[in-house]
Peer 1: 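First, the structure itself, so that you have it in front of you.
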2 protein chains.
Amino acid sequence: MDNENEEAMNDYRLRGRIWIEGAEGTFLGYGRVVLLERIRDYASISAAARSMKMSYRHAWKLVESMNSQSRVPVVEKTTGGRGGGGSVVTQAGEQAITCFWSAYQDFKDFLAQRSENL
Amino acid sequence: MDNENEEAMNDYRLRGRIWIEGAEGTFLGYGRVVLLERIRDYASISAAARSMKMSYRHAWKLVESMNSQSRVPVVEKTTGGRGGGGSVVTQAGEQAITCFWSAYQDFKDFLAQRSENL
DNA sequence: AATCGTTATGTTTACCAGTATATAGCGTTA
DNA sequence: TAACGCTATATACTGGTAAACATAACGATT
């Protein structure tokens with residue numbers, strides 16, 4: 001196909017974000033899910049936060065927010081003991097992760113699809 | 001259908017936002033499109049801004065941003081004259097409005113669709 | 001009982017987007 | 001030519017969010 005006299009290529013992109021809202025606002029978003037995954041990987045909120053260059057305080061608040069909006073906690077925390085304690089992502093947490101990535105993938109497809117012919 | 005022993009109704013909602021990006025970042029978003037529509041309705045950036053309780057400065061910046069990212073301006077501004085001047089939304093602006101609402105509607109459908117069974 | 005690294009939580013600081021304020025320039029109309 | 005209300009633009013202020021800082025509590029292990 002000859003491109004010479006065609007309209008200029010579309011250099012606009014459709015972009016966006018999605019999140020899952022619960023009773024108190026955001027329940028799950030991109031950052032929260034990545035945090036969950038890292039908590040799972042490191043078995044520690046503080047290590048997860050460090051790995052994302054996020055302040056522990058902030059990470060802790062996010063976990064509180066998620067737990068308080070879930071019937072079953074997404075993260076179980078242990079205080080004290082050998083190594084000072086730690087945290088694990090529950091089955092419900094794993095489901096939340098999967099659920100979000102599923103919606104996220106569809107959303108990415110949607111954006112790519114609708115980015116053509118803007 | 002008997003609801004007694006069913007899983008609790010889903011009280012999560014999938015939410016999100018979308019915007020169209022150009023070379024310098026956001027080109028069109030919800031607020032910008034509403035602003036465009038009001039500029040069209042009032043034939044004035046300042047009246048449009050007032051009607052949205054948005055500062056004139058902010059509105060003006062948004063218009064600059066949109067115009068600078070569009071091959072053809074979306075708003076044409078007139079300085080001085082009867083009434084001090086004014087602004088009109090161009091054909092390209094109208095197209096931008098339509099284009100965004102179209103994507104927005106599809107996005108709303110997507111969110112509603114994916115909100116079921118979270 | 002001393003240690004360790006984590007969870008838990010309050011307090012202060014830094015930052016930035018948007019608002020407020022102020023002023024100049026413009027050009028048609030009366 | 002005076003006036004009007006809008007565009008144009010600089011500077012200062014503000015409020016809310018995230019980061020930074022600072023401790024305290026905890027409990028298995030040694």
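A note on names: the letters A, B, ... follow the listed sequences, proteins ahead of strands, and every chain is numbered from 1. Please read these numbers as outputs of a predicted model, since none were measured by experiment.
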Peer 1: Given D:dT7, is OP1 or OP2 found less than 4.0 Å from the side-chain N or O atoms of B:Trp60?
Peer 2: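 It does not, given that no N or O in the side chain of B:Trp60 lies less than 4.0 Å from OP1 or OP2 of D:dT7.
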Peer 1: With a 4.5 Å cut-off on side-chain heavy-atom distances among I, L, V, M, F, W and Y, is there a chain of contacts connecting A:Val33 to A:Leu35?
Peer 2: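 In one cluster: yes.
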Peer 1: Is the shortest side-chain N/O distance from B:Ser55 to OP1 or OP2 of C:dT19 below 4.0 Å?
Peer 2: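 Answer is yes, contact under 4.0 Å.
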Peer 1: Linking I/L/V/M/F/W/Y whenever their side-chain heavy atoms sit closer than 4.5 Å, directly or via other members, would A:Leu36 and A:Tyr42 fall into one cluster?
Peer 2: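 They do not share one cluster, since no chain of ILVMFWY contacts under 4.5 Å joins A:Leu36 to A:Tyr42.
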Peer 1: Going by modelled atom types, is there a donor-acceptor pair between the base of D:dT11 and the side chain of B:Arg57 at under 3.5 Å?
Peer 2: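 Under the 3.5 Å cut-off, the side chain and the base do form a donor-acceptor pair.
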Peer 1: When the distance from CD of A:Glu76 to P of C:dT7 is rounded to whole Å, what number comes out?
Peer 2: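 Spelled out: CD on A:Glu76 to P on C:dT7 is 14 Å.
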Peer 1: Closer to the 5' end of DNA chain C via nearest nucleotide, is it B:Gly84 or B:Met54?
Peer 2: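 By nearest-heavy-atom nucleotide position, the 5'-most residue is B:Met54.
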Peer 1: Quick one: is C:dA8 close enough that its OP1 or OP2 comes under 4.0 Å of any side-chain N or O from A:Lys77?
Peer 2: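 So the side-chain polar atoms of A:Lys77 do come within 4.0 Å of the phosphate oxygens OP1 or OP2 of C:dA8, strictly under.
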Peer 1: Check the distance between D:dA19's P and A:Arg50's CZ and give it to me in whole angstrom.
Peer 2: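 Going from A:Arg50 (CZ) to D:dA19 (P), I get 16 Å.
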Peer 1: More 5' along DNA chain C: A:Ile45 or A:Gly81, using each one's nearest nucleotide?
Peer 2: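 First, find each residue's nearest nucleotide; the 5'-ward one identifies A:Gly81.
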Peer 1: Using heavy atoms to find the nearest nucleotide of DNA chain D for B:Gly86 and A:Arg82 separately, return the residue whose nucleotide is more 5′.
Peer 2: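 Counting from the 5' end, the first nearest nucleotide belongs to B:Gly86.
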Peer 1: So, is B:Ser87 near the phosphate of D:dT7, with a side-chain N or O under 4.0 Å from OP1 or OP2?
Peer 2: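 Yes, B:Ser87 has a side-chain N/O under 4.0 Å of OP1/OP2 on D:dT7.
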Peer 1: Are B:Tyr30 and B:Trp101 an aromatic pair by the rule of ring centers under 6.0 Å?
Peer 2: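 Under 6.0 Å, so yes.
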Peer 1: Output yes when a side-chain donor or acceptor of B:Thr78 lies under 3.5 Å from a complementary backbone atom of B:Gly85, and no otherwise.
Peer 2: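 Side chain of B:Thr78 to backbone of B:Gly85: no pair is present.
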Peer 1: In whole angstrom, what separates A:Lys61's NZ from D:dA20's P?
Peer 2: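 Distance, rounded to whole Å: 14 Å.
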Peer 1: Rounded to the nearest Å, what distance is computed from the CG atom of residue A:Leu62 to the C1' atom of nucleotide C:dT9?
Peer 2: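 Roughly 15 Å, once rounded to whole Å.
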Peer 1: Reading DNA chain D from 5' onward, which residue's closest nucleotide shows up sooner: A:Thr79 or A:Lys53?
Peer 2: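 Going by which nucleotide is closer to the 5' end, it is A:Lys53.
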Peer 1: Specify the separation, in whole Å, of atom NE2 of A:His58 and atom C1' of D:dG16.
Peer 2: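 From A:His58 NE2 to D:dG16 C1': 14 Å.
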Peer 1: Measure from the side-chain heavy atoms of A:Ser44 and tell me the nearest of C:dT29, C:dT7, D:dT7.
Peer 2: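 For the A:Ser44 side chain, the nearest candidate turns out to be C:dT7.
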Peer 1: Side chains of B:Glu21 and A:Tyr12: does their closest heavy-atom pair fall under 4.5 Å?
Peer 2: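 They are not in side-chain contact.
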Peer 1: Just how far, in rounded Å, is P of D:dC6 from OH of B:Tyr56?
Peer 2: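 Whole-Å distance recorded here is 10 Å.
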